[in-house]
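Remember, predicted model here, so these are calculated numbers, not experimental data.
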Amino acid sequence: MKKNLLLLMLLCPILLGAQSFEPEPIMRLTGVVVDEENKPIANASIAKLNSLKETETDENGTFTIDASPGDILRCSALFKETEEVTITGNPIIEVVLKPDMGLLEEVLLIKKKEEEVKNTAFGKKRGVSLGYEANNVASQFISPIDVDMTTVIRKIPGIDFSGNGLDFSFSLRKNKGINPTPVLVVLDGVPVDQNIVNFIDPSTIASLTILRSLAATVRYGTLGVGGVMLIETKMAASLKEEPEPQPVKLSEQERNYKDELKLAQAYFSETTPDYLHTLSKAQNFEEARKIYTRLSKEPRSNTL
């Protein structure tokens, strides 16, 4: 009798333990994910930990997923703090996601430096991309008291000016000699005679650029051997300016545009191989391992 009683006392914990390890029943959960203002959050990710079960909320913030009491659901959304919810016996749950304030702790604004654009033989180019000097000297040497361009040219360093009236010529000082090569004048993109500059009003000039190196004047061949003076008038410069973009009026249909592009998660769920869909049906790790072992013995075509 004592032996039977002792045996019963030893078996009770084992029987009770075996009963406690019975798997919890699986139920279909319905939930909704909202923010602090009780507004639904669409496309929030809902994943059951330690499993392959995962879904996302619709435009109303609702979702459905199979789970058992004691399972943990991890809920996450863009710019929201991740929340973990433990499943109880209630088949309806509500998850509130708070804003992730850590993303906005510090904002650094960097003002982009405006790049300088210069006139060259090949049009307007960024100054940092040039390998030669092409500086606009109009503001430096043109003043309101200048009445003709010959007065302006005499101010520019590195240029030798000779003659008066309509009979004059100018060349770069580095080409000084018995017969110096004259500077080629290009007015609004058109090569002209040097005497033309005397008919230009200095107040109408937008930019005045002197090209001295061979790399800068190569476009003009032998005409630019003595250097090139690029003159752009304000009228020509205004014609090259791009018009400001005008606001576009949208029709009622265009204002109600609905983005029908598939989300990445939806795309990958449609293209997921069959074997992953089969594995997702497992309720625990042991069952998943059995499914994997069975699939690994089948032909390769059945597991892709």
How close do [X] and [Y] get, heavy atom to heavy atom, and via which atoms?
{"X": "P99", "Y": "E36", "value": "CD-OE1, 3.5 Å"}
{"X": "S76", "Y": "T82", "value": "CB-OG1, 3.7 Å"}
{"X": "S68", "Y": "I26", "value": "OG-CG1, 3.4 Å"}
{"X": "V183", "Y": "M229", "value": "CG1-N, 3.6 Å"}
{"X": "R212", "Y": "G158", "value": "NH1-O, 3.8 Å"}
{"X": "L29", "Y": "A67", "value": "CD1-CB, 3.7 Å"}

Contact between [X] and [Y] at the side-chain level, heavy atoms closer than 4.5 Å - yes or no?
{"X": "C75", "Y": "L97", "answer": "yes"}
{"X": "I159", "Y": "I210", "answer": "yes"}
{"X": "V185", "Y": "D193", "answer": "no"}
{"X": "M149", "Y": "I205", "answer": "yes"}
{"X": "F141", "Y": "L208", "answer": "no"}
{"X": "L73", "Y": "I65", "answer": "yes"}
{"X": "E56", "Y": "I46", "answer": "no"}
{"X": "E84", "Y": "V95", "answer": "no"}

How long is the span from the [atom1] atom in [X] to the [atom2] atom in [Y], to the nearest 0.5 Å?
{"X": "L214", "Y": "T217", "atom1": "CG", "atom2": "OG1", "value": "5.0 Å"}
{"X": "D71", "Y": "M27", "atom1": "CG", "atom2": "CE", "value": "8.5 Å"}
{"X": "T120", "Y": "L211", "atom1": "OG1", "atom2": "CG", "value": "7.5 Å"}
{"X": "E286", "Y": "I291", "atom1": "CD", "atom2": "CD1", "value": "12.0 Å"}
{"X": "F161", "Y": "T151", "atom1": "CZ", "atom2": "OG1", "value": "8.5 Å"}

Full working for side-chain contact (heavy atoms from CB on, under 4.5 Å) between I41 and V34: CA-CA 5 Å; I41 300 177; V34 297; 5.6 Å; no
CA sep, side-chain torsions, deciding dist, call: F168, N198, side-chain contact (heavy atoms from CB on, under 4.5 Å): CA-CA 10 Å; F168 64 87; N198 213 25; 4.1 Å; yes
Please check if the number of heavy atoms outside [X] that lie under 6.0 Å from its [atom1] is greater than 12.
{"X": "I145", "atom1": "CD1", "answer": "no"}
{"X": "K98", "atom1": "NZ", "answer": "no"}
{"X": "R74", "atom1": "CZ", "answer": "no"}

Is a side-chain donor-acceptor pair under 3.5 Å present for [Y] with [X]?
{"X": "D148", "Y": "T150", "result": "yes"}
{"X": "T233", "Y": "D188", "result": "yes"}
{"X": "S45", "Y": "E54", "result": "yes"}

Side-chain ([X]) to main-chain ([Y]) donor-acceptor, under 3.5 angstrom:
{"X": "K234", "Y": "S203", "result": "yes"}
{"X": "T57", "Y": "A44", "result": "yes"}
{"X": "T209", "Y": "A134", "result": "no"}

From CA spacing to verdict: side-chain contact (heavy atoms from CB on, under 4.5 Å), V197, I153: CA-CA 10 Å; V197 301; I153 295 173; 4.1 Å; yes
side-chain contact (heavy atoms from CB on, under 4.5 Å) evaluation trace for V228 with Y220: CA-CA 9 Å; V228 176; Y220 302 103; 3.8 Å; yes
side-chain hydrogen bond (donor to acceptor under 3.5 Å, both in side chains) evaluation trace for S162 with S169: CA-CA 6 Å; S162 59; S169 65; 3.3 Å; yes
side-chain hydrogen bond (donor to acceptor under 3.5 Å, both in side chains) assessment of D201 paired with T204: CA-CA 6 Å; D201 185 357; T204 63; 5.3 Å; no
Hphob cluster co-occupancy, I196 + I231, side-chain heavy atoms under 4.5 angstrom: yes
